Amino acid sequence: MGKDTIADVLTSIRNADMARKETVRIESTNITENVVKILLRESFIKSVRKHRESNKSFLVLTLRHRRNRKGPYKKVFNLKQISRPGQRIYSNCLGIPRLLGGMGVVILSTSRGIMTDREARLEGVGGEILCYIW
């Protein structure tokens, strides 16, 4: 794990999805727990459970896969990190992008916590754009 926890989480989920793994284990922090709650609420993942091992907490995610396993591999969802430690991307509530006409999810870090683009527009807050999920 590096210093960029959001990138580590997105990469772990993306790699497990491409390898058709059922579960993925990521380190538990406040930011990762909030991002995983959004993924669970938007039904990108099936379930989450907390696991404690040798004085460290981990989140074990059960991924959602397509039923048809024959033929070429198709991704269930795409993840793209936007804000990076070297370049932070901020937006006000009017400038938050819409992914696929509202079908995708933008995860933001606002002054009221980590939330989706729809919630941020409803509350009228902007913030740092963490990632896109579609």
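No experiment lies behind these values; they were computed from the predicted model shown.
When hydrophobic clusters are built by joining Ile, Leu, Val, Met, Phe, Trp and Tyr residues whose side-chain heavy atoms come closer than 4.5 Å, directly or via intermediates, L59 is grouped together with L79. Linking Ile, Leu, Val, Met, Phe, Trp and Tyr whenever their side-chain heavy atoms come within less than 4.5 Å leaves M103 and L122 in two separate clusters. If you chain together hydrophobic residues whose side chains sit under 4.5 Å apart, I45 and I31 fall into the same group. Note on I107 and V48: same hydrophobic cluster, where clusters join Ile, Leu, Val, Met, Phe, Trp and Tyr whose side-chain heavy atoms are under 4.5 Å apart, directly or indirectly. Note: the hydrophobic cluster containing L40 does not contain V60 (ILVMFWY, side chain heavy atoms under 4.5 Å, direct or indirect links).
Looking only at side-chain heavy atoms (C-beta outward), I133 and E42 stay at 4.5 Å or farther from each other. Counting heavy atoms from C-beta outward, I38 and R41 have side chains that approach closer than 4.5 Å. Side-chain contact check for V106 versus S91: every heavy-atom pair is 4.5 Å or farther apart. Taking the side chain as every heavy atom from C-beta outward, S28 and K50 approach each other to under 4.5 Å.
Within the model, atoms SG of C131 and CD1 of I114 stand 9.0 Å from one another, a figure rounded to the nearest 0.5 Å. Between R64 atom CZ and L39 atom CG the span is 11.5 Å, to the nearest 0.5 Å. Rounding to the nearest 0.5 Å places CG of L130 at 9.5 Å from OG1 of T110. Note: R49 CZ to L61 CG = 10.0 Å, rounded to the nearest 0.5 Å. Between atom NE2 of residue H51 and atom NZ of residue K56 there is a gap of 12.5 Å, rounded to the nearest 0.5 Å. Interatomic distance, CG of N78 versus CG of D17, reported as 8.5 Å (0.5 Å rounding).
Applying the side-chain hydrogen bond (donor to acceptor under 3.5 Å, both in side chains) test to residues at least two apart or on different chains, the pairs with a partner in residues 122-133 are S83-E128, R88-E128, R112-E123. Applying the salt bridge (charged side-chain N to carboxylate O under 4.0 Å, His left out) test to residues at least two apart or on different chains, none of the pairs has a partner in residues 89-101.
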Where do V105 and R118 land on the side chain to side chain contact (heavy atoms under 4.5 Å, CB included) test, with the steps shown first?
-> CA-CA 8 Å; V105 177; R118 285 178 236 122; 3.7 Å; yes
For D8 and E27, run side chain to side chain contact (heavy atoms under 4.5 Å, CB included): C-alpha distance rounded to whole Å, both residues' side-chain angles, the deciding distance at 0.1 Å, then the answer.
-> CA-CA 9 Å; D8 291 339; E27 195 170 340; over 6 Å; no
Could you walk me through whether F44 and I13 pass the side chain to side chain contact (heavy atoms under 4.5 Å, CB included) check?
-> CA-CA 11 Å; F44 285 110; I13 293 172; over 6 Å; no
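Partners of R84 according to the side-chain contact (heavy atoms from CB on, under 4.5 Å) rule, which considers only residues two or more places apart in sequence or in another chain, are Q81. Annotation: side-chain hydrogen bond (donor to acceptor under 3.5 Å, both in side chains) contacts of R52 (sequence neighbours excluded): N55, S57. Residues that satisfy the side-chain hydrogen bond (donor to acceptor under 3.5 Å, both in side chains) test with S47, not counting sequence neighbours, are T62. Under the side-chain contact (heavy atoms from CB on, under 4.5 Å) criterion, L94 pairs with N92, not counting sequence neighbours.
Closest of all the heavy-atom pairs between V24 and A16 is CB-CB, 3.8 Å. Contact between C93 and G124 at its shortest, heavy atoms only, is CB-C, 3.8 Å. Taking every heavy atom of both residues into account, L10 and K80 meet most closely at CD1-C, 4.3 Å. The two residues A120 and I96 come nearest to each other via the heavy atoms CB-CD1, 3.8 Å.
T5 contributes no side-chain N or O that, together with a main-chain N or O of T32, makes up a donor-acceptor pair within less than 3.5 Å.
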